[in-house]
Protein chains: 2
Amino acid sequence: MDRAKDSAGDRSEAARPRAAGAGSDFLQLSLGDAPPGGITEWLARRLRGAIADGRLPVGSRLPATRVLAAELRVSRGVVTEAYQRLSEDGHVAGHGRNGTVVVAAPVGVAERADGPREEGGGPLFTATPGPEAFDTLRTAPARIDLSPGAPDLAAFPRAAWLRAERAVLADMPATSLRYGDPRGAPELRRAVAHWLARNRGIGCEPADVLITSGVAQGIGLLADALRREGVTAMAFEEPGSLGVRQHLVAGGFATPPVRVDEQGVRVDDLLACGAAAVLLTPAHQFPTGVVLGGERRRALMRWAADGGLIVEDDYDAEHRYGRPPAPALRAMLGEGVCYAGSVSKLLAPAMRIGWLIAPTRYREPLVTAKRFADLGNAALPQLVLARLMESGTLERHLRVLRTRHRRRRDVMINAVRAHLPGAVVHGAAAGLHLMVTFGEDAPWDDRALAEAALALGVKAHPLSWHRQLPGAPGLVLGYASSGTAEIAEGVGLVGKALATLR
Amino acid sequence: MDRAKDSAGDRSEAARPRAAGAGSDFLQLSLGDAPPGGITEWLARRLRGAIADGRLPVGSRLPATRVLAAELRVSRGVVTEAYQRLSEDGHVAGHGRNGTVVVAAPVGVAERADGPREEGGGPLFTATPGPEAFDTLRTAPARIDLSPGAPDLAAFPRAAWLRAERAVLADMPATSLRYGDPRGAPELRRAVAHWLARNRGIGCEPADVLITSGVAQGIGLLADALRREGVTAMAFEEPGSLGVRQHLVAGGFATPPVRVDEQGVRVDDLLACGAAAVLLTPAHQFPTGVVLGGERRRALMRWAADGGLIVEDDYDAEHRYGRPPAPALRAMLGEGVCYAGSVSKLLAPAMRIGWLIAPTRYREPLVTAKRFADLGNAALPQLVLARLMESGTLERHLRVLRTRHRRRRDVMINAVRAHLPGAVVHGAAAGLHLMVTFGEDAPWDDRALAEAALALGVKAHPLSWHRQLPGAPGLVLGYASSGTAEIAEGVGLVGKALATLR
């Protein structure tokens, strides 16, 4: 660049008479475009144009005349007069203290509805659900939602969250609002380390904790690191979570199935498939609810000692009813396990905050992956959550949830017994959902059952969504985020749907 | 799975006498492990062990005796007695209403400090900065931070944010806390569409908006989609942002440089390099501050019409002083442009909220990429931001910022004139930073200048960080997030550092 010229350019810009640079962000109005002597009509025309093409939709507010006049460096009367002309057209109306609001647009310009995207038209519960399957189910209309995956959201501690946020906003230095540590806010990493030590038996330092946008992101970051090592397969529980498996497949992995029995994952299957890594839900297997047994834990320990990597998805371990806590594998195996957790089942999935405790060799690659993914989680929610964890509020919330969830679970078990004859309930001692199976010889498909239930206004997951191999038909039914009356009615409607298939 | 057995298993678990299942999440205490008749001593030993191995660090609180006794299903006296023994050891102390707190751990177990990771030891401002360069600079100790990239963070509207959050928490249905639309909350997508129409001249529908965790994530998502099309190079402004270029390189792209002159990016360079895509900062080029000229815009329009893709990083367009707004390229070129923006320079980088308006053909792949990246942004901050945008609070905040920033800019320009003789100031008419260059013939390296300034307690970016080709040495100096006294002092210290090199 020409040094002298550029320098002069900047100086002359600063010295130029003010009106030449006059303009507003609002509609990018630049006074240089206005014909001399016709500023009012020019402004009115620009405003009409913006209303016509939708840039100023009905209901939007025009800037205060004082503000717009100052930005354009014209007298306030010019702006007032232009607004007046639009008011006479019927495009805007003065609303006293509320300012001037757009009330009508030329016919034919309406804002496009922002509904769900168009669907392919076929049945929702297809044999090989695509990446949009959960979105389609989420936006499908239904009165009762028994799909699994969330705690009681009506119990979300709104008042405590707001109090903690007020305290954070009062205390936080402005520097906390800059780009931060991609590993997460130090306050939250400390709180998570304490939480895991206290509630999951995992000894780790704040420096070992990587804050993520939930387990979904954590798995994606790890997939990056593993692919660079040449790992192309991650063994997967059978049955096992469709959602998690979709993330692994999107991350470039094959997901060879390893069967789950009443002791948890079968280590002989794992050895046979030859994969170098496996994703497990040891504390409460999804969807069966099985707790990984002691013999299996010891066998996995030997497998990990030989170089295998266990990815532990500890998704709902804190929710248990009348059974002792199942220790995390990470607490026993340490470096052989990459541990992933989140607040999705403790507070709400929409928080998008989770954590990874990774083996040392993956720590730096994971920090780099997180940095390039999004430069780290947002600061404010991290600081608020850290306060809720350190003050004991989250532990108290968990106790409240447990009481509510247990009642809902009992209602669901009773409703299944009453309305789904022949159904077998699995995994009721912990978690947020039940797995229900029907006989292997049932002459219908569980996707047809889920489809029939949806037609009656009830959402549930067909068990086959969570299978790669054939197996007994069934449903996965979440009880935690619905009221007891809804649960009873919803299971009753599933019973009606079942009757139409038999 | 054996149906009959599993069913029986679950039923017997529910019916089992309660004490057998007694246990607490706290330290995973399971009464089954306690010797008969020795529960108190067993509990005290478990607590001492947890204090010794760091699971209960100094300052942490023990559960209330009532709560722990209920979870373990023992009498409260057992827990009180165990706590009493630890108190006698000097490990814990009763704090009245604050409960029982750990006050001392056995010697030798201290929490590892959570400071910056160890550095390589060499100079911070290396010739080819690695992915950790910005982290290292961020954590380097310095009294005055003139690195660019943030608005005035002390002006962050904390009270308005808290008010909006209170309103959101009062109104929001519990269903907003479930897994949501990966494209973002409908409320925020509508608010962003209105904001872009009103402030950046971009006509788009809410359905066109993809909410991201900032421009950094947006670029990563787009990189995925482009790589699948076989695009392996993204032309890059020279000079241009090191941070953004690192993200492109991490996304697998070559970044052939296209030179920037006083009219903005040179389209002849772009044609010559043959890349199918280019990343541009048209409204206020980083770091030069040049506005893309009309002739160049028309030439880019022809290039895009021939199939070229422009990625428009509209990073700080809203900040301008005495010059008319520069329209977004997306407003002129529509489908040829993938537009990326964020609140990083409007509110704070630590918010991690941004948006993409992509050409139609990339829209579905980008939604899929966002889904698998993190299942969508967190709900609460999106809803709060939507309120601040729709109520006009964000526009008012921008006006407040502009007044403060202009004053700081003027102080910095004067300080540069006073303390950096021979320096030329570029790009002062808009933005949050200045670029300062010295003669091409300066006999020193700007990394040495930045290093010397850091030694005197001032952070700034060497211009060469933002170059791929040789060029005049310089600095990039942010003025927006420092007070006027700091700015004057900081530039004075840079002058002292400069004197040591000459």
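Quick note on labels: first sequence line is chain A, next is B, and so on, each numbered from 1.
Highest contact tally toward chain A, considering only B:Leu29, B:Val67, B:Leu398, B:Val215, is held by B:Val67 [criterion: heavy-atom pairs under 4.5 Å]. For the options B:Met172, B:Arg166, B:Gln217, B:Arg178, heavy-atom pairs under 4.5 Å to chain A are most numerous at B:Arg178. Contact tally against chain A (heavy-atom pairs below 4.5 Å) for B:Gly220, B:Ala326, B:Ala250: the top residue is B:Ala250. Of the listed residues (A:Ala216, A:Gly251, A:Ser213, A:Gly201), the greatest number of heavy-atom pairs within a distance under 4.5 Å of chain B belongs to A:Gly201.
Every residue two or more places apart in sequence or in another chain was checked for a ring pair (Phe, Tyr, Trp, His ring centres under 6.0 Å) with B:Phe26, and none qualifies. With sequence neighbours left out, the side chain to side chain contact (heavy atoms under 4.5 Å, CB included) criterion links A:Ala369 to A:Leu221, A:Asp224.
Across all non-hydrogen atoms, the minimal contact from A:His247 to B:Leu375 is NE2-CD2, 3.6 Å. Here the closest heavy-atom approach between residue A:Ser176 and residue B:Ala350 is recorded as O-CB, 3.5 Å. Here the closest non-hydrogen pair linking B:Ser30 and A:Pro324 is OG-CB, 3.6 Å. Across every non-hydrogen atom of A:Pro173 and B:Arg158, the tightest pair is C-NH2, 3.8 Å. The shortest non-hydrogen separation linking B:Tyr179 to A:Gly149 is CE1-O, 3.7 Å.
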Start with the C-alpha distance between B:Gln246 and A:Arg371, add both sets of side-chain angles, then the distance that settles side chain to side chain contact (heavy atoms under 4.5 Å, CB included), and finish with yes or no.
-> CA-CA 10 Å; B:Gln246 285 186 336; A:Arg371 181 188 292 115; 5.8 Å; no

Might you work through the side chain to side chain contact (heavy atoms under 4.5 Å, CB included) test for B:Thr212 and A:Asp374, ending with a clear yes or no?
-> CA-CA 9 Å; B:Thr212 65; A:Asp374 56 18; over 6 Å; no

Decide side chain to side chain contact (heavy atoms under 4.5 Å, CB included) for B:Glu132 and A:Thr368; before the verdict, give the C-alpha distance in whole Å, the side-chain angles of both, and the deciding distance to 0.1 Å.
-> CA-CA 8 Å; B:Glu132 73 305 327; A:Thr368 300; over 6 Å; no

Begin with the C-alpha distance, continue with both residues' side-chain angles, and end with the deciding distance and a verdict on side chain to side chain contact (heavy atoms under 4.5 Å, CB included) for A:Arg55 and B:Ile202.
-> CA-CA 8 Å; A:Arg55 278 175 295 152; B:Ile202 296 172; over 6 Å; no

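For the salt bridge (Lys or Arg N to Asp or Glu O under 4.0 Å) with A:Asp25, the lone residue among B:Arg320, B:Arg198, B:Arg399, B:Arg200 that qualifies is B:Arg320.
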